[in-house]
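Protein chains get the first letters and strands the later ones, always in sequence-line order, with residue 1 at the start of each. Computed over heavy atoms, backbone and side chain alike; hydrogens, waters and symmetry mates excluded.
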There are 2 protein chains.
Amino acid sequence: MPKETFFNLPDDKRSLICDVAIEEFTEYLYDQASVNRIVAKAGIAKGSFYQYFEDKKDLYMYVLQVIAEKKLEYISPVMRNPYQHDIFTLLREVYLSGIQFAANHPDYAEIGTKLLQSKNSPIFDQVVDENLPAANDMFEALLARAVERGEIKADTDVKLFAYMISSMTAVVSSYYVENVATTYGDELMETVDKFLDFLKHGLGTDSSQLSR
Amino acid sequence: MPKETFFNLPDDKRSLICDVAIEEFTEYLYDQASVNRIVAKAGIAKGSFYQYFEDKKDLYMYVLQVIAEKKLEYISPVMRNPYQHDIFTLLREVYLSGIQFAANHPDYAEIGTKLLQSKNSPIFDQVVDENLPAANDMFEALLARAVERGEIKADTDVKLFAYMISSMTAVVSSYYVENVATTYGDELMETVDKFLDFLKHGLGTDSSQLSR
DNA sequence: ATATGATGTGACCAGGTGGTCACGTGACCG
DNA sequence: CGGTCACGTGACCACCTGGTCACATCATAT
């Protein structure tokens, strides 16, 4: 947690520091990110920085928290009542909100991606071990329930595809942002629907005659 | 390329240096990897290192080349005559050889993964820009041909799924190595076949098509 | 025995890192 | 006015990095 002094700062200065920090963590992994560059860009003295934050980790954690709060705004109302919808509807919402978030805040999304890339850095264990298995477990639970309900094949390897699906959220997002558009639009729906159809029916032609 | 002096070294010393380097690049991204640690672990003087290699990049490139040579041993004969097989057979071979390689040489595979994670480091452009779009383009060509042949749906977004499939090679491999086994075995076939079935038919049951 | 040339060596360099600390500055208060 | 106290400051610290270089070592050829 940043120190009191940070929150006492005038709003513009505080948000400038915040913006500069986000810019830095967007461009560099945690280990590469430089406090020296941050204070230089923000135009504050090194000493001041350490009066606002305990250390580099403190700043990083704060930035992650800001991002998490932003991301919360994107999760769909549908996801709050998961038991009322089938798994493909839920997955559609998950991917939609994920891509929307990535499209509207590519910098924030990039920081999240970078965090996942730091798997071997000590910082990773301290941050992710507490928060991230959550995503995998959630997909596992969703898939298990979908099997029970007969929404997906009974012999689905739940663990394998929970892993695949949670990995693919990042892949689909980055594809969309890199290749389709950087804003929310009709193409977004299209990309997600293509992907959802793939999840449901695969790429093969034999099953497509049933559904299309 | 390493200097002549490196190849003049007695075999055991040369392969020790090579092993230590691989160990280092397995554990750290290129930027984090430390020449100081490498020479310490290998028990050679700093100055000697720079008599064997131009610089850190030179060593890294050499290690990558060793890995690439190793990986070549794994590509299936099937892939050498791609036009005789349907796309799912080809993909099966691609994933099989990818996982076999990762299972037999987890350290080598890890270095490859780490390279892909260094997307923003200057080293990435120098290495990958020449070699990697290849993978994506290959999948794109395979998919386009599969569409022509009627092996997959006519309206498949070739670019999107070329991207997905090439990303998923890494995901499937890492899942297999982390969660199933670290050696080649029957489970390998099982994992790949599960995944191939998913690519072909999707996760959905025949009745779940109602829900969209 | 001497000379030559390739190879081994580690102190050293410039430049970076995260973090500290003694001191300045200035706003408020009695 | 003097006192106080929160905040601003940048020189400084120890430590690390990739890379260099003058010198030591040693096998071979003469």
- prompt: Nearest-Å distance, NZ (A:Lys3) to P (C:dG19)?
  reply: 11 Å
field: Charged tip of A:Lys56 within 45° of A:Tyr30 ring normal and under 6.0 Å
entry: yes
statement: Sorted by chain and number, sequence neighbours left out, side chain to side chain contact (heavy atoms under 4.5 Å, CB included) with A:Val63 holds for A:Ala21, A:Ile22, A:Phe25, A:Leu59, A:Ile67, A:Ile111
task: Rounded off to whole Å, could you give me the CZ-to-P distance for the B:Phe6 and C:dG8 pair?
output: 12 Å
- prompt: Between C:dG19 atom P and A:Ile38 atom CD1, what is the distance in whole Å?
  reply: 11 Å
message: Check whether B:Tyr28 forms a cation-pi arrangement with B:Lys114 (NZ or CZ under 6.0 Å from the six-membered ring centre, at most 45° off the ring normal).
response: no
- request: Quickly work out the B:Glu4 CD to C:dG5 C1' distance and round it to whole Å.
  value: 13 Å
query: In whole Å, what is the span from the CG atom of A:Asp58 to the C1' atom of C:dG19?
result: 13 Å
field: Contact letters for nucleotides 12-24 of chain D, in which S counts primed atoms plus P, OP1 and OP2 and B counts the base, heavy atoms under 4.0 Å
entry: -----SBBBB---
query: Taking CD1 from A:Ile123 and C1' from C:dG18, how many angstroms apart are they, rounded to a whole number?
result: 13 Å
- prompt: Under 4.0 Å: is that the gap between some side-chain N or O of A:Tyr52 and OP1 or OP2 of D:dG8?
  reply: yes
- request: State, to 0.1 Å, how close A:Leu96 and A:Leu188 come at their nearest heavy-atom pair, and which atoms those are.
  value: CD2-CG, 3.9 Å
query: Would you call the rings of A:His105 and A:Tyr108 parallel, tilted or perpendicular if under 30° counts as parallel and over 60° as perpendicular?
result: parallel
query: Looking at A:Val39 and A:Ala45, what are the two nearest heavy atoms and their distance?
result: CG1-O, 4.3 Å
